[in-house]
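Quick notes on the structure that follows.
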Amino acid sequence: MKRNRTQNRMKRPPSPVRREEASGWPLRIGVLLLCFFLERCILNRFPLWGGTPLLMPLAVAAIGFLEGSGPGAVCGLGTGLAGALAMGSDGTALIWFETAVGLFCGATLDKALGRTFPGYLLCALGTMLLWEGLQAVIHILFLGDAPGAVLALAGAEGVYSLVFAPILYPVFHTLHDRFRSEPEF
């Protein structure tokens, strides 16, 4: 009696059903909207030494730092557009700036810093130095404002903004860990 080859093989158990993990981007966008609301509607009413904090560039830096340069640049483009729409013609520089922040903070992830908190603080510090430096140059060279007052305001805004970096990083890091998009090796 010859048995059929298929009968001799051990039957494999059915493979488990693969479920696609939910994307964390709706939650990230919700946190970005919360940051936008806090920055534009609440924290601007509490200036410190004349400066108000900027949360959106720090949030874009966190997303770019944790997710990579592609998602960071797209997120920066979206938040830059939202900021430009909220500010009118004065906010068009935000589109370019926040896209560049997401791209370059993502590039640091790809190259050297990894996903560490000190690495994010370096990215946040660089983001704020770049933004406040660009604002200072524009106000001093093109608008003719007094350099001492402009630099004092830029320093106050930069430090006030960096106070929120240790609050934003754990939120986005938790979302990144929960909704990891790339495989772990």
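One-based numbering along the sequence shown.
- The shortest distance between side-chain heavy atoms of Arg28 and Glu67 falls below 4.5 Å.
- The shortest distance between side-chain heavy atoms of Pro71 and Trp25 falls below 4.5 Å.
- Checked against side-chain hydrogen bond (donor to acceptor under 3.5 Å, both in side chains), Ser161 has no partners two or more places apart in sequence or in another chain.
- Residues Leu141 and Leu134 do not share a hydrophobic cluster, defined by chaining ILVMFWY side chains whose heavy atoms lie under 4.5 Å apart.
- Side-chain atoms of Val31 and Leu27, non-hydrogen and from C-beta on, never get closer than 4.5 Å to each other.
- Tyr160 and Phe37 fall within a single hydrophobic cluster, where Ile, Leu, Val, Met, Phe, Trp and Tyr side chains are chained together by heavy-atom contacts under 4.5 Å.
- Note on Leu48: it clusters hydrophobically with Ile42, by side-chain heavy-atom contacts below 4.5 Å among ILVMFWY residues.
- Note: the hydrophobic cluster containing Phe164 also contains Leu34 (ILVMFWY, side chain heavy atoms under 4.5 Å, direct or indirect links).
- For the side chain to side chain contact (heavy atoms under 4.5 Å, CB included) with Val101, the qualifying choice from Leu58, Ile63, Val60 is Val60, the only one to do so.
- Side-chain contact between Phe117 and Pro166: present, with at least one pair of heavy atoms (C-beta onward) separated by less than 4.5 Å.
- The aromatic rings of Tyr169 and His173 lie parallel to each other, with less than 30° between the two planes, well short of the 60° mark.
- Residues Leu162 and Leu125 form a side-chain contact, since some pair of their non-hydrogen atoms from C-beta on lies under 4.5 Å apart.
- Distance CH2/Trp96 to CG/Leu77: 9.0 Å, rounded to 0.5 Å.
- The CZ atom of Phe36 sits 9.5 Å away from the OG1 atom of Thr79 when rounded to the nearest 0.5 Å.
- Counting only heavy atoms from C-beta outward, the side chains of Glu132 and Leu54 approach each other to under 4.5 Å.
- One distance of note links CG of Leu130 with CZ of Phe104; it measures 9.0 Å at 0.5 Å rounding.
- Between Phe172 and Leu32 the shortest side-chain heavy-atom distance falls below 4.5 Å.
- The distance from atom CG of Leu43 to atom CD of Glu39, rounded to the nearest 0.5 Å, is 8.0 Å.
- To the nearest 0.5 Å, atom CZ of residue Phe97 and atom OG1 of residue Thr127 are 5.5 Å apart.
- Between Trp131 and Leu94 the shortest side-chain heavy-atom distance falls below 4.5 Å.
- Annotation: the span from Thr116 atom OG1 to Leu121 atom CG amounts to 8.5 Å, rounded to 0.5 Å.
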